[in-house]
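Heads up, the thing below is written out as structure tokens.
Bear in mind that the values here come from a model prediction, so they are computed numbers and not experimental data. Side-chain atoms are counted along with the backbone in the values below, which use heavy atoms only and exclude waters and symmetry mates.
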Amino acid sequence: MRYLSIGNGRILINIDELGRPTDLYFPYVGMENQSAGKPIRHYFFDGEKVYDNWKSSVNYLQDTNIAEIRGDVNENISVVFYDFVDLYDPIYYRIIKVLNKGNEKVRGKLLFLIDLDLYSSYFGDTAFYDPQTSSIIHYKSKRYVGVKLFGIMKELKEYSIGKTEVPYDVLDGKLNMKAIDNGDVQFAVAIDLDLQPKGTDKAYLAIVFGRNLKELRKLLSGISSTSVETTFTSNYMFWLNWLKRAKLVDNDAIGNSIKKLYKTSLLIIKNHLDNNGSIIASSDYSFVSLWGDSYNYCWPRDSAIASHALDIAGYGDIAMRHYNFISEVVSEEGFLYHKYNPDKTLASSWHPWIYRGRQIYPIQEDETALQVWAIASHYLIYKDIDELSYIYQSFFKPAVRFIMRYIEDGLPKPSFDLWEERYGIHIYTVSTVYGALSKGSELARDMGDEVLASDMLDVAEYIKQEALRRMTYNGRFIRRIDENGNKDLTVDASMYSPYFFGMVEPQNVIMVNTIKAIENSLMVNGGVIRYENDPYRRVKSQPNPWIITTLWLAEYYADTSQKEKALKLVNWVINRALPSGLLPEQVDPETFTSTSVVPLVWSHAEFIIATESLAFKGGGSQSR
């Protein structure tokens, strides 16, 4: 299981529950897993026996983007790893401290087994020992990875490069020194440790990424024990100060457990943000072998919510990177497609271009609307009209015009829903379109498009009236009008959306009745499922509760001054987090273990939004 992530916008590293680096993303955050999800295994040799897979605790070090991994190899040997990435360069570091708790001297050895698949493919790789940098260099085409294991005044002296024989070579604690191999290669590196009774020894592991040999060697040559220690200190101070920027970090209205997960959530979003502005949904690679695909894409919906979370937390400059990314991928018609690769190309999709014999747009319209809404919300907070001018012309205005064209009989035309499962006119989509037009009108007006701004408000009001007339039943909202024009009466957690996006007041009787329907039909063991009889990733007789849906209800409670009910749901979410603070997408309704990816960026973004609502006791909606 992915237990913790660290990154710098150029690389992203996931660490599993045993403290092993498992996913190595480069050159984009979430695109090209150079390990293909295979963990870097660590071993300890005490001269007689090789130990591996010892139990470890994996957590963030205080309020930083540094992993602290502690484990007991055996009754006498303990290890502490501090894992972090360079603030600028594509380099992952591990500081290794080994403690001998016994009364006898131990001549130990630490070994690492590394099986990379560059471009996520095992075909055609080469690995060799490089005497120029005292490292192993693994390369293919334009992907180069250098691995350097060393100590204080100790260079890499023991290694083994080969294929399937390398893991067996590790098991005797002595590597065969083979210096090169190609194909489906893997390699091992080792360093001797001199452990006096009650004493410690120290080593360092660095993994460097590059696009060519010259670039890689330059980075490797600059690494020493001194440089690693200096980089650690810089990282520690940088992340302490980075989190101090957070709007609620010193707010006494929220408890310590909420504040801790709030900070972790900011780190998770930041780690999943590429320097080019892409924000992927999750870096968890573990389901690729099952599905043939992953969550390693930028969904405009998830990324809009994540950017909004950054905005309300006080990181508007970082959110702007994403809005610029979106401005460069928007279609000529003004809409956003299903999802995008981190390199700005169109990603895989299951939405058809033809439906019932008629050509359609393969889109979820709420994704386009949410980006407009998020940018409009950003402007209301920061009023940075100069910085938004490019985004306004390249994305915001074309998207608004598309949204206003894509209307029929007073409601948005059919598209796919936020759950990516069904076609129709969805209350969530209708609400996001209303929110985009009503909130976005102020930005349009201030940009000088007064006629457009007025039209946006008129269309938003028209949509609202039609939704109230056609998308209600028995005093509550419905989740959609289906492809046959019939009302879908299934209770769905996304029916919270008319309040959240401002289409109705939270105290509106129809909204109150809708929330009651959600409470009565969707609560499962303290959490909220997506909708009645939800089959997705279902493992028990009842559907799986989701983190985001539970937080939606918490937000409603917070914004209607029902603080105790909101806190109960927020605490339920906190208890579903891993000890490291990572939140899953959904959990087993009985055991509460994750049944899907970990982490889900949307879960963390929604936690920040819910925290904002709680902190302001109903005033959180003002920032939306």
Under 3.5 Å: donor-acceptor pair, side chain of Gln34, backbone of Tyr119: yes
Polar contact flag, side-chain donor to acceptor under 3.5 angstrom, Asn182-Asp125: no
Qualifying residue for salt bridge (Lys or Arg N to Asp or Glu O under 4.0 Å) with Asp115, from Lys163, Lys38, Arg41: Lys38
Ring geometry between Trp291 and Phe287 (parallel below 30°, tilted from 30 to 60°, perpendicular above 60°): parallel
Residue pair Leu24, Leu116: steps toward the side chain to side chain contact (heavy atoms under 4.5 Å, CB included) verdict: CA-CA 9 Å; Leu24 311 177; Leu116 302 180; 3.7 Å; yes
Sub-4.5 Å side-chain heavy-atom contact between Tyr25 and Asn296: yes
Parallel, tilted or perpendicular: ring planes of Tyr51 versus Phe44, cut at 30 and 60 degrees: tilted
Side-chain (His322) to main-chain (Gly277) donor-acceptor, under 3.5 angstrom: yes
Tyr28 and Asn276: side chain donor to acceptor below 3.5 Å: no
Glu158 side-chain N/O to Leu175 backbone N/O, donor-acceptor pair under 3.5 Å: yes
Minimum heavy-atom distance Ala246-Tyr315, with the two atoms named: N-OH, 3.2 Å
Cationic N near anionic O, under 4.0 Å, Asp83 to Arg94: yes
Lys/Arg-Asp/Glu bridge criterion (N-O < 4.0 Å) met for Lys202, Glu229: yes
Salt bridge flag under 4.0 Å for residues Asp201 and Lys154: yes
Asp16 side chain vs Arg20 backbone, donor-acceptor pair below 3.5 Å: yes
Tyr82-Glu68 side chain donor-acceptor pair, cut-off 3.5 Å: yes
Aromatic ring pairing Tyr236/Phe232, orientation class (parallel under 30°, perpendicular over 60°, tilted between): parallel
Check: Gly146 main-chain N/O paired with Ser135 side-chain donor or acceptor under 3.5 Å: no
Side-chain H-bond candidate by donor/acceptor type, Ser282 with Asp284, under 3.5 Å: no
Side-chain donor-acceptor pair present, Ser283, Asp23, cut-off under 3.5 Å: no
Asp588 with Lys540: basic N within carboxylate O range, under 4.0 Å: yes
Any donor-acceptor N or O pair under 3.5 Å, side chains Asp172, Tyr168: no
Approximate separation, where rounding is to 0.5 Å, of Ile207 CD1 and Ile223 CD1: 10.5 Å
For the student: nearest non-hydrogen atoms of Tyr60 and Ile6, plus distance: CE2-CG2, 4.4 Å
Mutual orientation of the aromatic rings belonging to Phe112 and His42 [parallel < 30°, tilted 30-60°, perpendicular > 60°]: perpendicular
Minimum side-chain heavy-atom gap Val147-Ile40 below 4.5 Å: no
Pairing of Asp317 and Arg245 as salt bridge, 4.0 angstrom limit: yes
Ser78 and Asp72 side chains, donor-acceptor separation under 3.5 Å: yes
Test item: side-chain donor near acceptor, Asn544 and Thr595, under 3.5 Å: yes
N/O donor-acceptor pair under 3.5 Å between Lys140 side chain and Leu118 backbone: yes
Check: Tyr536/Gln586 side-chain N/O donor and acceptor closer than 3.5 Å: no
Distance-only side-chain donor-acceptor flag, Ser160 / Asn176, under 3.5 Å: yes
Note: Lys101-Glu75 ion pair, threshold 4.0 Å (strictly below): no
Sub-4.5 Å side-chain heavy-atom contact between Leu582 and Tyr3: no
Heavy-atom side-chain proximity of Ile136 to Phe128 below 4.5 angstrom: no
Check: Tyr88/Asn8 side-chain N/O donor and acceptor closer than 3.5 Å: no
Residues Thr226 and Ser224: side-chain donor-acceptor under 3.5 angstrom: no
Contact check, side chains of Lys198 and Asn103, non-hydrogen atoms, under 4.5 Å: yes
Check: Glu606 side chain, Ile548 main-chain N or O, donor-acceptor pair, under 3.5 Å: no
Pair Thr22-Asn14, side-chain donor/acceptor within less than 3.5 Å: no
Distance in Å, Ile268 CD1 paired with His604 NE2, rounded so as to fall on 0.5 Å steps: 4.5 Å
Test item: side-chain donor near acceptor, Asp130 and Thr133, under 3.5 Å: yes
Parallel, tilted or perpendicular: ring planes of Tyr144 versus Tyr139, cut at 30 and 60 degrees: parallel
